[in-house]
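Heads up: the structure comes next, in structure tokens.
Numbered from 1 within each chain, the chains take letters A, B, ... in sequence-line order. Because the structure is predicted, anything quoted here is derived from the model rather than measured.
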Amino acid sequence: MSIAIKNSRVRIAPSPTGFLHIGTARTALFNYLFAQNYKIRGDNASFILRIEDTDQERSKKEYEEDILNGLNWLGIEWDEGPTLHGTEKGNFGPYNQSKRERKLKSYSNYLTQLLKNGKAFACFCPSSKEEIEDKNNDKFHILCPYKDMAYNPDETRQFVIRYKNTYAEKLEERFKKGGDAFKTNEDDYVTFQDLVRNKISSPKDILGHFVIAKSFDEPLYNFAVVVDDYEMKITHVIRGEDHIPNTPKQLLLAEALGWAQVDETGVFQAPWTYAHLPLILGTDRSKLSKRHGATSVNEYKTLGYLPEAMVNFMALLGWNPGDEQEIFSKEELAKEFSLEKIQKSGAVFDTVKLDWMNGEYIRRKSVEELTALCIPFLEKAGLIKIQNAKIKSQHYNPKLKIDEYVNRILALEQPRLKKLSETGERVNFFFQEPEYDKELLRWKNMSDEDIKKALQKAEKLLSVINPPIDKKTLEKAFFDEIGDSDKGKLLWPLRAALSGKKASPGPFEIVEILGIEESIKRLEQAEQKFG
RNA sequence: GCCCCUAUCGUCUAGAGGCCUAGGACACGGGCUUUUCAAGCCCGGUACAUGGGUUCGAAUCCCGUUAGGGGCACCA
């Protein structure tokens, strides 16, 4: 299938004022998948990472690094932007807004142009911080008395630069006559086409004379975005729907700069097309935030989620290919991706389903891969140590090398694991003597005497078993002894004595890994609990 | 308060006027397997917000209502 647009360029523009957020990662993923999909279909598409660090006070280098590392961990690769090594790639740099003004004078040049053309004005409103934070005070800005003052380069007083919204003046008139400064009844709308929601309209007047820069070299978000998207030749702006209210402002600025115009049907045409993604919601259906729990990609990594599961799960939040497949590789997602299949309403981030999906991915790993993934978590749990790339730990079975020992433990737990962080808790009894209350050994209503006898019987059976020590041999020996009676009477105390847990893999699998000697030792220790 | 967006099982969703007495997945309940916990297999319950149109026919199209969400910074 061929496509009309060539050299499609999309971008993700996070601000480094916090760790990589799940919402940002999902937006990045959709942009990435969009570009990958176009590449597959023959377009020379690019996915750009741009760092919006115009707010020098809140932006931090460590956050920028976290964003880069997080995207890298997820496997969301960008074609242009800052790199992990502190350099840049791509021909449209710099990719940090802070550097763009310094090197290119991007923003001050266009600011001057707007001022000259009378599309913007320097505003000397003596607003205090309190006044600015008071929403009602904004009518003061709509009615800014300084809007007709010419900009004077010698002016030393502080000023900000505002977009001159001629429609706002209609509001002024109404306000002067005693109306509400925010009540609009004009039918001048800015209307744009959205690839997800079709047409979106919003009145022009209520926007007022909004601020576009704090000074010539301190551009503000709405202005900086428009300039950057234009200079970077962005063709599709794919972002969260929380940006819908910003879009009219950006379109008005693009129009003032001569980059956008209204077509004969009244729709704004910019060099790029918009697609606003539904939001990711918390369980109470409000925008996902800290109070809902983990929101940064890094936290999910620490909890032991696999990047493949995260990508698969995030992709299905607000998008779906229309069939009944649930598990998708990154490549399959890229192949199937299309903006038309994006949902319009928000999607709750349901960690229960994420856990299931993560388990699916864990089960698909080879034992070697799983071991490699789990080692850091075993180390963190204090069960093993890594020295010179070799595993060191307490190890109970002299017949197995340590690597084999660990591999077999993880192979045993593989179907049970949902998160890698659970590994330590699940397998600790393979690395240290279990601690438990003697009541754990009781199956149904067995007496102390019954339990002791069961433990002794198990011990006896183990001590006379002939190699090979494997599940099959053990099963035969025990089942021959048990016959038709209740298996739990012998097997529950055995399993509990070996694992010290009320839930664990079966006793034969444990013996197989733990070895006969250690198993017998644990049975003896269990017997001692009964004197 | 004002502007904007949205509306199918608890959750993610399929559904582009008849194939829908609404399909799948997670979760939940039950069963098989089973010494426990998983995994696996089988079965089950639960949804088109509401009122009006349009149409021979509406989950699907239009309007209102209601509900939810987002946004209203010299943050992004």
RNA chain B contacts among residues 10-25 of chain A, heavy-atom distance under 4.0 Å: A:S15
Nucleotide nearest A:Q343 when distance is taken to its side chain, options B:U35, B:C26, B:U13: B:U13
Nearest-Å distance for atom pair NZ/C1', residues A:K418 and B:A38: 8 Å
Residues, nucleotides or ligands: over 12 heavy atoms within 6.0 Å of A:E57 CD: no
Touch class at under 4.0 angstrom, heavy-atom based, for A:V348 against every strand present: sugar-phosphate
Polar pair under 3.5 Å, donor/acceptor by atom type, side chain A:N246, base B:A76: yes
Working for ring pair (Phe, Tyr, Trp, His ring centres under 6.0 Å), residues A:Y167 and A:H209: CA-CA 9 Å; A:Y167 295 90; A:H209 301 299; over 10 Å; no
Parallel, tilted or perpendicular: ring planes of A:Y305 versus A:Y300, cut at 30 and 60 degrees: tilted
Between A:T247 and A:R239, a side-chain donor and acceptor under 3.5 Å: yes
A:L490 CG to B:U34 P, straight-line distance once rounded to whole Å: 17 Å
Comparing A:K502 and A:T54 on RNA chain B - which has the more 5′ nearest nucleotide: A:K502
Candidates B:C37, B:C74, B:C12 - which lies nearest the side chain of A:L220: B:C74
Length of the CZ-P vector between A:F210 and B:A73, whole Å: 13 Å
Side-chain H-bond candidate by donor/acceptor type, A:N407 with A:T371, under 3.5 Å: yes
For atom CG of A:D188 and atom P of B:C3, their distance in whole Å: 15 Å
So which protein N/O to nucleotides 59-70 of chain B N/O distances come out below 3.5 Å?
{"from": "B:G70", "atom 1": "OP1", "to": "A:K287", "atom 2": "N", "distance (Å)": "2.9"}

Evaluation steps, side chain to side chain contact (heavy atoms under 4.5 Å, CB included), between A:K501 and A:E425: CA-CA 10 Å; A:K501 293 183 192 304; A:E425 178 57 30; 3.9 Å; yes
Side chain of A:S345 (C-beta onward), nearest among B:U8, B:C74, B:A39: B:U8
Closest nucleotide among B:G23, B:C5, B:U13 to the A:I200 side chain: B:C5
Quiz item: A:K344 side-chain donor-acceptor pair to B:A7 base, under 3.5 Å: no
Interatomic distance, A:W492 CH2 vs B:U35 P [rounded to whole Å]: 12 Å
A:L354 CG to B:C26 P, straight-line distance once rounded to whole Å: 14 Å
